[in-house]
Amino acid sequence: MDFGSPDTWRWIWLVVAVVATVGELGIAGSFFLVPFAIGAIAAAAAAFAGAPVGVEWAVFLVASLVTFAGFRPLARRLDAASSSTVGAQRWVNRQAVVISDIPGLPGATGMIRLDREEWRAESLTGQPIRAGSSVLVTRVDGTRLVVLPLDEPEALPSEGA
């Protein structure tokens, strides 16, 4: 293989572009290999246009650096947006309403409504929490949520008063 031949480098650049693209698909969302794939495509285009190998390398480096600089802000925004949790962890730091009293006993559970879902819940403080109270979900413990009371419902006036 003659590495000084522009004909050889045409195919090397195409292989680099394919490998970088496939690699990016394997680690999707990072945008780390995309700039190299674009740089390799640009270098392959220069090679097919008959540019010398040194010029192909310059095209590859410049195109890769420019693309890398352009994609970094997008990659950071996507990383920040994807830092949200998935599954049941998405309920942490959300407010809910107690629909059946949560006893203050260790391991005892009541029920809360979080959006349209009902969950078993236990009190973080160990204090009972009455139905109608607003609570904050502090963590997920298996199939139940651990909650912190935010407010108590106002007591109903007594019948005899």
Side-chain angles (χ1 to χ4, degrees), residues 1-100 102 106-107 109-125 129 133-151:
M1 185 177 271
D2 181 14
F3 287 107
S5 167
D7 290 333
T8 302
W9 280 98
R10 292 175 186 167
W11 304 108
I12 291 173
W13 292 125
L14 289 175
V15 168
V16 169
V18 169
V19 168
T21 301
V22 170
E24 180 64 38
L25 292 174
I27 54 171
S30 70
F31 291 107
F32 182 72
L33 295 175
V34 168
F36 299 114
I38 292 172
I41 291 168
F48 279 103
V53 174
V55 172
E56 294 170 21
W57 271 99
V59 168
F60 171 74
L61 292 174
V62 169
S64 295
L65 289 173
V66 168
T67 307
F68 188 76
F71 272 136
R72 285 321 304 159
L74 173 64
R76 277 196 292 273
R77 267 196 312 264
L78 291 174
D79 283 344
S82 69
S83 66
S84 63
T85 55
V86 295
Q89 292 299 323
R90 71 184 182 279
W91 300 125
V92 174
N93 294 323
R94 298 273 311 273
Q95 285 189 14
V97 175
V98 178
I99 56 175
S100 71
I102 301 173
T109 61
M111 295 295 289
I112 65 170
R113 175 166 287 124
L114 187 54
D115 289 343
R116 292 182 288 163
E117 293 187 27
E118 293 182 5
W119 285 80
R120 289 185 313 139
E122 71 177 86
S123 174
L124 175 68
T125 62
I129 305 172
S133 300
S134 292
V135 293
L136 179 70
V137 177
T138 59
R139 73 174 189 265
V140 179
D141 189 14
T143 60
R144 66 179 146 206
L145 303 177
V146 180
V147 297
L148 182 65
L150 294 176
D151 64 18

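Source: prediction; values computed, not measured.
In this structure, the ring of Phe48 has its center no less than 6.0 angstrom from the ring center of Trp9.
If you take CD1 on Ile99 and CD1 on Ile112, they are separated by 8.5 Å, rounding to the nearest 0.5 Å. Put simply, CG on Leu124 and CG on Asp141 are 11.0 Å apart, with the number rounded to the nearest 0.5 Å. Note that CD of Glu24 is 8.5 Å distant from OG1 of Thr21, once rounded to the nearest 0.5 Å. Atoms OG and CG, from Ser133 and Asp151 in turn, are 6.5 Å apart once rounded to the nearest 0.5 Å. Note: Leu145 CG to Arg94 CZ = 11.0 Å, rounded to the nearest 0.5 Å.
Summarising the geometry of Thr143 relative to Trp119, their closest heavy-atom pair is O-CE3, 3.8 Å, with the distance given to 0.1 Å. For the residue pair Ala17 and Ile41, the shortest heavy atom distance occurs at CB-CG1, 3.7 Å. For Ala43 against Val59, the heavy-atom pair with the smallest separation is N-CG1, 3.8 Å. Summarising the geometry of Ile129 relative to Pro149, their closest heavy-atom pair is CD1-CD, 3.8 Å, with the distance given to 0.1 Å. The nearest pair of heavy atoms linking Arg10 to Ala47 is NE-O, 3.1 Å. Minimum heavy-atom separation, Val147 to Ala121: CG1-CB, 4.2 Å.
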| Stepwise side chain to side chain contact (heavy atoms under 4.5 Å, CB included) check, Leu148 with Val135 | CA-CA 5 Å; Leu148 182 65; Val135 293; over 6 Å; no

| message | Please determine whether side chain to side chain contact (heavy atoms under 4.5 Å, CB included) holds for the pair Leu114 and Val137, giving the CA-CA distance in whole Å, both sets of side-chain angles, and the decisive distance to 0.1 Å. | response | CA-CA 9 Å; Leu114 187 54; Val137 177; 4.2 Å; yes

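In this structure, the side-chain hydrogen bond (donor to acceptor under 3.5 Å, both in side chains) partners of Ser123, at least two apart in sequence or on a different chain, are Thr125. Checked against side-chain hydrogen bond (donor to acceptor under 3.5 Å, both in side chains), Gln95 has no partners two or more places apart in sequence or in another chain.
Distance alone, capped at 3.5 Å, places no donor-acceptor pair between the Arg120 side chain and the Arg144 backbone. Side-chain N or O atoms of Glu122 include none that pairs as donor or acceptor with a backbone N or O of Thr109 at under 3.5 Å.
With contacts defined as side-chain heavy-atom distances shorter than 4.5 Å, the pair Ile38/Phe71 qualifies.
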Can you give each donor-acceptor pair under 3.5 Å made by side-chain atoms of residues 61-70, sequence neighbours left out, with the distance rounded to 0.1 Å?
{"from": "Ser64", "atom 1": "OG", "to": "Pro35", "atom 2": "O", "distance (Å)": "3.3"}
{"from": "Ser64", "atom 1": "OG", "to": "Phe60", "atom 2": "O", "distance (Å)": "2.8"}
{"from": "Thr67", "atom 1": "OG1", "to": "Ala63", "atom 2": "O", "distance (Å)": "2.7"}

